[in-house]
Amino acid sequence: MSGAPPDAEAHEHTHADVSGGWLRAAVFGAMDGLVTNTALVAGVGGGGAAPRAIVLAGVASLVAGAISMALGEYTSVKTQNEQLDLEVEKERRELERNPEGELAELIEMLRVRGVDDRLARTVAVQLSRDPETALRLHVVAELGLSPEDKPSPRVAAVSSFLTFGAGAVLPLLPYFLGVPVLWVALLCGGLGLLLAGALSSRFTPRPWWYAALRQLLFGAAAAGATYLIGAAIGVSLS
């Protein structure tokens with residue numbers, strides 16, 4: 001007799017992307033774009049550069065950073081997937097060469113998860129009848145990753161490219177709109193950091209204000225450091 005209520009039925013539900021695919025790339029890209037260009041504008045502006053020079057440096061940073069982020073994410077995710085494929089093949093060979101040992105390993109996996117010895121053996125034997133099912137179970141249990149849920153390198157690359165660019169353009173908006181004032185540009189960057197931090201809290205247990213203030217603090221630290229360095233260099237060259 002099943003322990004579930006007679007009227008109980010399965011229902012579909014979804015989870016956030018935790019495999020390191022588009023979400024991680026998007027969050028990292030937006031944060032990196034905001035911090036990078038806010039700090040760059042602060043440093044160049046603190047050094048006394050003209051608005052034209054600030055815009056030129058900011059646009060160059062946006063383009064170079066977005067391309068670098070996209071290529072880095074593509075390479076990172078591609079390498080991770082290739083490493084997972086390598087480990088899957090290694091586990092497949094182990095299942096072919098030592099099926100009894102792998103069966104014992106599967107039984108132990110079930111036992112440590114609370115299944116009693118006799119039932120663990122029965123379930124393990126039944127699951128092992130399908131080599132692909134057994135392979136997936138071993139890979140997920142030993143590596144913590146599913147070979148069927150590999151993130152897409154292309155999606156990660158495009159996501160990081162677009163979000164880095166979107167984040168990096170915010171501190172430059174005042175200059176593009178005819179307001180070439182440094183503090184206004186830094187204010188736009190700060191507001192972007194607050195917004196990006198608050199949005200990222202939707203995928204974490206942290207409250208929105210904590211994530212927003214944390215990201216603002218990181219960006220302010222970077223901008224403050226580059227501003228002081230820019231100001232010092234500007235004074236020494238004047």
Side-chain angles (χ1 to χ4, degrees), residues 22-77 153-204 206 208-238:
W22 71 270
L23 178 58
R24 182 189 67 85
V27 171
F28 185 50
M31 300 298 191
D32 197 20
L34 278 162
V35 172
T36 297
N37 256 20
T38 300
L40 182 141
V41 167
V44 177
R52 180 182 177 86
I54 294 176
V55 172
L56 178 60
V59 171
S61 173
L62 186 157
V63 174
I67 293 173
S68 176
M69 280 289 298
L71 294 177
E73 281 295 330
Y74 182 89
T75 302
S76 174
V77 175
R154 293 185 181 86
V155 170
V158 172
S159 177
S160 61
F161 180 88
L162 295 176
T163 54
F164 183 98
V169 80
L170 284 179
L172 300 175
L173 279 180
Y175 294 95
F176 293 147
L177 297 176
V179 188
V181 182
L182 180 60
W183 73 264
V184 177
L186 297 180
L187 178 62
C188 285
L191 292 174
L193 289 165
L194 283 172
L195 179 61
L199 289 175
S200 72
S201 70
R202 295 187 59 190
F203 308 102
T204 72
R206 297 288 189 182
W208 69 267
W209 56 265
Y210 176 90
L213 291 177
R214 178 180 61 183
Q215 195 57 38
L216 178 63
L217 178 61
F218 290 163
T226 55
Y227 179 87
L228 292 175
I229 293 171
I233 293 174
V235 169
S236 66
L237 294 178
S238 62

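A quick note: this is a predicted structure, and the numbers were derived from the prediction, not measured. Atoms considered below: every heavy atom in the structure, side chains included; atoms not considered: hydrogens, waters and symmetry mates.
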Could you tell me which non-hydrogen atom of [X] sits nearest to which non-hydrogen atom of [Y], and how far apart they are?
{"X": "A185", "Y": "P171", "value": "CB-O, 3.2 Å"}
{"X": "I54", "Y": "Y175", "value": "CD1-OH, 3.4 Å"}
{"X": "V44", "Y": "A57", "value": "CG2-CB, 4.4 Å"}
{"X": "Y74", "Y": "A157", "value": "CB-CB, 3.9 Å"}
{"X": "A156", "Y": "V77", "value": "CB-CG2, 3.8 Å"}
{"X": "L182", "Y": "G46", "value": "CD2-N, 4.0 Å"}

Tell me, please, which residues at least two apart from [X] pass side chain to side chain contact (heavy atoms under 4.5 Å, CB included).
{"X": "A166", "answer": "none"}
{"X": "F28", "answer": "M69, E73"}
{"X": "F161", "answer": "A66, I67, A70"}
{"X": "V158", "answer": "L162"}

Sequence neighbours excluded, every pair satisfying side chain to side chain donor-acceptor pair (under 3.5 Å) that has a member inside residues 32-59
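Every side chain to side chain donor-acceptor pair (under 3.5 Å) pair that includes a residue of residues 32-59, provided the two are not neighbours, is D32-T36, N37-S61.
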Look at the side chain of T163 and the backbone N and O of S159, then say whether any donor-acceptor pair between them is shorter than 3.5 Å.
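Yes; judged by distance alone, with no hydrogens or angles, the pair exists.
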Considering only distance and modelled atom types, tabulate donor-acceptor pairs under 3.5 Å from the side chains of residues 190-201, sequence neighbours left out.
unit_1, atom_1, unit_2, atom_2, d
S200, OG, G197, O, 2.7
S201, OG, A198, O, 2.5

Return the CG to CG distance between L216 and L34, rounded to the nearest 0.5 Å.
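Those atoms lie 10.5 Å apart.
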Test item: Q215 and V35 side chains (from C-beta on) under 4.5 Å apart, heavy atoms:
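Yes - at least one pair of side-chain heavy atoms lies under 4.5 Å apart.
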Derivation of the side chain to side chain contact (heavy atoms under 4.5 Å, CB included) call for V59 and F176
CA-CA 11 Å; V59 171; F176 293 147; 3.9 Å; yes
Sequence neighbours excluded and cut-off under 3.5 Å, please list the side-chain donor-acceptor pairs for residues 222-232, or say none.
unit_1, atom_1, unit_2, atom_2, d
T226, OG1, A39, O, 2.7
T226, OG1, A222, O, 3.1
T226, OG1, A223, O, 3.0

